[in-house]
Amino acid sequence: MTLELGLNQQPAHTRQGSSIGQPLTRRDGFLKVTGAARFAADNNPPGMLYAVLAVSSIARGRVVSLDVEAAKAHAGVVEVMTPLNRPALAVDPDAKDHPFMFRLDLLQNDGVRYPNQSIAVVIAQTLEAATEGAALLSPRYEELPARVGLDGAKSFVPRGVGVGNPAVQEKGDVEAGLKSARTRIEATYETPAQYHNAMEPHAIVAAWDGDRLSIDTPSQGLAMAQGRIAGLFGIAPQNVHIRSPFLGGGFGSKGMISGPQVLGILAARLVGRPVKLVLRREQMYGPVGHRAPTRQTLRMGMDGEGLLTAISHHARTTSSTFDDFFEPAADASHTLYASPAIATSHDAVRLDTGTPLFMRAPGEATGSIALESAIDEAAHACGMDPLEFRLRNYAEVEPMTGKPFSSKALRECYEQAAEAFGWASRPLQPRRMRDADGFLTGWGMGTATFPALMFQAEARAVLRADGTGLMETGAQDMGQGAWTAFAQIAADGLGLDIDQVDFRAGSSDLPNAGIAGGSGHTATAGMAIHNAGAAVIANLADLATGDEASPLFGAGNEGVVARGGRLYRRDDESRGESYAEILVRAGLTEIEGRGKGAPDPASQETYAKHAHGAVFAEVKVDPDLGQIRVTRLVGAFAAGRVINPRLVRSQYYGGMIWGVSFALHEEAVTDRRSGRIQNANLADYHVPVNADVPSVEALLVHEDDPYVNALGIKGVGEIGITGTAGAIANAVWHATGVRPRRFPIRIEDLLG
Ligand code: MOS
């Protein structure tokens, strides 16, 4: 398989001691910069045809006609798939028996429920012919008015938000707390719809062989995708083989298999040949998820000492008309600040959009923008420095539940980042700093937090008689560096140098590694790898300690340690032998062990588990034009054990740059008349480019966590985006005296 060949072509790493904690460069970096990494759409099996989606230009209604004849008459077009000839599925794609089983648009009827919904698939000899054929379909519609905007429909309280947490939660008496307060603030903030916009569009190359299906497609969760596809087609999961060695970004939008990916499989079924289907950029604005917009109202009360007496956080959000995903924005207020009373609530409206989905730090990213802005407003109302105010209200236990934290080095994050940033010299009042060019300069801060989640994963470890090792798990590298971090954990677990370990991932025929999501992949699959390593070492130790010919005879499993490809007696390290010697003497070519990763139910009940961080931002604002530049970001994060500081820092940089994007750039703009997204392309949908990205610094704060898992890993994928946008908004206020309450912050919000 290309994958393993590729990864074994790496230049050797030199290394001292344990692999864990080493700042190794990405094992797949060489392949990616040389173009040798093969992404899903790079596959071209023999006889392959090209499929192109035709998508709806209306938001709501039905397709009255399609000129299938015109498309089919076009040179190179082989077939047109519509609701009339789409192959049958074993289950209704609108059936739902699990919250993660999102409803898919698979040409089940002529209905249109959002713009860019698939209405046909054109299959042709070439991409060009398929594209031209799709253009010839000239759909006619019966159109109904689109429901758009946060006031666009009657609101209701959703049954669950995000992955099912209660929409309304309360601790203590918030109204009494507000009433008794010396100082109160109330403010409403709006955040926009955003689209994941991974560099790699959703793509699939699908090939059927009887009832066996082989696909190349990017996936953040191979086993879940395999199960969903198997269910839809009524075949056994093991008959679905998914290869997903590399993802060009996922951010949540590749967590579940999407409708267009399944349409590629249906197209291959229809024509009986391999088919490639790749979404165009604008086609990603609908069927593959987005971050829902929010409108959030925060109310806070403070006593004469600046202590919070109450926090009330209400969020309105949206879902589609046909499925449920509700951005759990208000839940951000459960974690960070001590308060005798906390109330969080959500309501929602249903719009004619694709179903929203997890998008990097779902809930925390949107919620922390509002919370961190409100905390800044509260500090100002009390006449306090925002850092002092946060320290005054520091949560020693999880505010909502009263549980102790498994570990929490947030104080150290505040201290280290404030020191590196130079926060101590910040004037309390806004509009007090100008630079040499006359730009208004402002400093703001935000707190970052994200839960330390774990899911379920399995791994298989092998030691071979040639002294090398193998570690297998169906994990996903979506750019975050999983290949490298997991290989480091594998090397440690096997007691081998990393270059002696063949690490395999990215394929559904390997043990189920769960989902690369919720910032939990390193902890979960990492623990499976760690435990598989321990299992194979234990099996090897059994062999040696039970063999009279071994210097380890009689030491017992506990009496043996593994290091550098050898087992040693714990009580006498001059006595030991190599893995290879043990296996060869036993007449074995290899020995195997298996391991699992999962949250520990006991500590789950006892402890609140979160990563924390603090982000400080400097902005400069043109006093005449209102143009905003972020000039400096300093973050400090404590997220348990760091497997690879280079990669972890890279995750923080990426998250903080998303925060810049959230504060100043990103927004999907909906046309209120048509319901269409007006900027469904990377020219008009703004994300930061290098010129927008300031000096970014990420400090890694030491944190030992004995409870999250045996490796002490919390997860770093999402926390960087939380806190950052709030810090920037607070810096804009500090520069200008104008409080941004609508995101992204616009020039016009600062003028007049
Ligand atoms: Mo993430 S939004 O859990 O991929």
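Every heavy atom of this structure was used, including side-chain atoms; hydrogens, water molecules and symmetry mates were not. We count ligands from 1, going down the list as the structure has it; atoms in each ligand are counted the same way.
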Under a 4.0 Å N-O cut-off, is there an ion pair linking Arg27 with Asp477?
->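 Judged by the 4.0 Å cut-off on N to carboxylate O distance, Arg27 and Asp477 do not form a salt bridge.
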Glu472 and Arg504 ion-paired at < 4.0 Å |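 Answer for the salt bridge query: yes.
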Just wondering, do Met656 and Phe637 contact through their side chains at under 4.5 Å, heavy atoms?
->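 Yes, side chains in contact.
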Mind checking what residues have non-hydrogen atoms under 4.0 angstrom from ligand 1?
->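 Shell around ligand 1 (4.0 Å, heavy atoms): Gln220, Phe251, Gly252, Phe358, Met359, Arg360, Pro362, Gly517, Gly518, Glu718.
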Once you round to the nearest 0.5 Å, how far does CD1 of Ile713 lie from OG of Ser519?
->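 So the gap between those two atoms works out to 12.5 Å.
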Arg159 atom CZ, over 12 foreign heavy atoms within 6.0 Å |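 Check fails, neighbour count at 12 or below.
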Classify the angle between the aromatic ring planes of Tyr707 and Tyr607 as parallel (below 30°), tilted (30 to 60°) or perpendicular (above 60°).
->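 Plane angle under 30°, so parallel.
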